[in-house]
There are 2 protein chains.
Amino acid sequence: MAHRWYGLRSLSVETAGAGGEAGTYAHDVLAVVLRITGAVPSVLLWQRAREPQAGRWSLPGGRLGPDEDVEASVRRHLAEKVDLAEVAHVEQLGVFSDPHRGPAPRRIATAFLGLVPTDADPAVPDDTAWHRVDRLPETAFDHGAITRDGLDRLRAKLSYTNIGFALAPAEFTVSELRDLYAAALGHRVSATNLQRVLTRRGVLVPTGEIAASGPAGGRPAAVFRYSERGLRVTDPFAALRPPGEPG
Amino acid sequence: MAHRWYGLRSLSVETAGAGGEAGTYAHDVLAVVLRITGAVPSVLLWQRAREPQAGRWSLPGGRLGPDEDVEASVRRHLAEKVDLAEVAHVEQLGVFSDPHRGPAPRRIATAFLGLVPTDADPAVPDDTAWHRVDRLPETAFDHGAITRDGLDRLRAKLSYTNIGFALAPAEFTVSELRDLYAAALGHRVSATNLQRVLTRRGVLVPTGEIAASGPAGGRPAAVFRYSERGLRVTDPFAALRPPGEPG
DNA sequence: GTGGTTTTCGCCTATTGGTCGAAAACGTGG
DNA sequence: CCACGTTTTCGACCAATAGGCGAAAACCAC
């Protein structure tokens with residue numbers, strides 16, 4: 001029978017060297033913090049000063065503390081690298097647990113995705129910098145793969161949620177938002193379509209203001225904002241919805 | 001500065017009682033294994049024989065071993081409760097890490113969703129049984145909430161992926177599939193629409209065979225199967241896709 | 001064969017998304 | 001001050017998807 005261990009205080013009392021008691025593991029939290037810079041997303045990385053992997057770049061994070069859950073922990077560790085108030089959205093990506101994802105002793109990591117609006121440019125410590133995701137430096141451990149997972153998650157959610165609120169400034173024109181989406185998605189985006197889709201879904205609302213016209217002339221653009229500042233799934237998204245309900 | 005600990009072999013050498021070395025935690029894997037039984041989904045649970053929470057019902061799972069990642073681990077533990085060959089799909093749900101989700105010493109859990117087709121009726125140990133999700137017994141720890149998370153994930157994915165392949169038999173009629181979807185989603189489903197949507201997406205293909213007609217007469221139904229036995233996202237699902245590409 | 005039952009298929013409509021081009025509203029330079 | 005380029009906005013049109021409904025098809029039982 002299995003599960004005998006459950007509820008036992010200590011199955012094994014041998015001390016497994018410096019790695020902690022057998023069957024327990026250090027648990028880390030990591031954050032893929034993304035921000036649109038110019039025409040591409042960038043990720044927040046810090047450079048390791050010492051072994052292992054000295055000189056390589058790591059995702060922000062740290063060890064899970066005894067009195068916090070993983071989300072509280074990642075927020076605590078993030079606060080050491082950026083102003084938490086600038087991180088507009090945080091969600092869990094998943095667990096990375098390959099026994100050989102780093103040197104012994106083994107570490108388990110729960111990864112998160114964090115998003116920072118373009119108009120925020122938080123100060124960062126000396127060892128920390130934004131790196132374009134299309135030109136990542138040498139990353140430590142599996143942090144490159146985790147970064148790609150985070151970017152994939154962002155791209156997927158841009159199309160069926162209002163997650164753009166966490167990348168955009170509080171107010172913006174449709175053109176600015178188009179550039180933002182194009183940078184995040186990695187392909188051109190139609191401003192016409194973007195505006196229609198997002199307003200029809202109710203995620204974008206006009207403020208009524210008109211932006212000062214750009215440097216090269218042209219018709220001044222209307223100012224919009226996201227109707228909600230928390231994550232919401234907005235796609236109809238459900239073929240086979242309950243009969244009689246609107247799409 | 002943070003992250004000093006990273007790379008240090010042992011930050012603290014004090015032994016934190018029976019809970020393992022300070023800063024390390026036992027890591028469990030848990031599985032929400034669902035199967036459509038009759039008109040509602042059921043979840044595989046086993047009844048705890050001893051404290052803590054003796055008599056309550058738990059999700060299958062167990063402790064993460066030193067040489068396996070969480071997915072390998074959950075498969076290994078599941079094999080003690082059901083024939084793994086009957087579990088058609090496994091995916092990660094997320095981490096549950098509330099410091100008070102169970103009695104001390106603290107345990108972290110990575111939860112998975114597992115799906116078993118209706119035509120499989122795997123033998124289970126004496127302490128283990130299927131329970132309708134609308135009539136859950138008293139569950140241990142946070143396993144009730146985790147079960148709900150698993151069910152939510154299944155319902156969401158039914159509408160925009162081919163995940164039904166993991167619930168349905170290898171071959172089936174549209175009516176059987178409609179009943180399956182209705183049970184999983186908890187509301188009526190139109191057979192007309194189900195067939196049209198799933199075939200247009202290419203997830204359902206007719207085998208060419210005709211099922212023996214049912215007990216009450218009626219036109220014999222065509223037999224279908226899923227075109228693919230692995231998970232694939234099938235919804236167009238991307239407003240704002242690259243220009244010039246088909247929807 | 002007649003009636004009841006179940007499945008299947010063809011129309012019709014509504015909604016969503018994509019493309020295109022015209023009109024609106026600005027600045028600039030002659 | 002007026003023609004021109006530029007950018008934004010809006011409407012028209014088209015394609016694809018999804019839902020609803022009812023007729024036709026194919027079976028069983030009597």
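To find a chain, count down the sequence lines: A is the first, B the second, and so on, and within it residues start at 1.
Minimum heavy-atom separation, A/Phe96 to A/Ala111: CE1-CB, 3.6 Å. A pairwise comparison of heavy atoms in B/Thr199 and B/Phe224 identifies CG2-CE2, 4.0 Å as the closest pair.
As a whole-Å value, the separation of B/Arg200 CZ from D/dA16 P is 10 Å. In this structure, the CZ atom of B/Arg178 is 16 Å from the C1' atom of D/dG19, given to the nearest Å. Rounded to an integer number of Å, the gap from CD of B/Glu176 to P of C/dT7 is 9 Å. A straight line from CG of A/Leu194 to C1' of C/dG18 spans 13 Å, rounded to a whole angstrom. Atom-to-atom, OH of A/Tyr160 to C1' of C/dG17 comes out at 19 Å; the value is rounded to the nearest Å. Taking atom CD1 of B/Ile210 as the reference point, atom P of C/dT6 lies 18 Å away to the nearest angstrom.
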For residues 179-186 of chain A, run the donor-acceptor check on the side chains, cut-off 3.5 Å, and write out each pair with its distance to 0.1 Å, sequence neighbours left out.
residue  : atom : partner  : partner atom : Å
A/Tyr181 : OH   : A/Tyr226 : OH           : 2.8

Please list, one pair per line, the donor and acceptor atoms closer than 3.5 Å that link side chains of residues 82-94 of chain A to other protein atoms, with sequence neighbours excluded.
residue : atom : partner  : partner atom : Å
A/Asp83 : OD1  : A/Ala85  : N            : 3.1
A/His89 : NE2  : A/Glu91  : OE1          : 2.8
A/Glu91 : OE1  : A/Lys157 : NZ           : 3.1
A/Glu91 : OE2  : A/Arg153 : NH1          : 2.8
A/Glu91 : OE2  : A/Lys157 : NZ           : 3.2
A/Gln92 : OE1  : B/Val95  : N            : 2.8

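Aromatic ring centres of A/His143 and A/Trp57 lie farther apart than the 6.0 Å criterion allows.
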Subject >> Footprint string (nucleotides 8-13 of chain C, 5' to 3'): B base within contact, S backbone only, - free, heavy atoms under 4.0 Å >> reply: SB-B--
Subject >> salt bridge (charged side-chain N to carboxylate O under 4.0 Å, His left out) between B/Glu171 and B/Arg225, intermediate numbers included >> reply: CA-CA 5 Å; B/Glu171 304 199 331; B/Arg225 59 175 179 82; 5.6 Å; no
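OP1 and OP2 of C/dG17 both lie 4.0 Å or more from every side-chain N or O belonging to A/Asn193.
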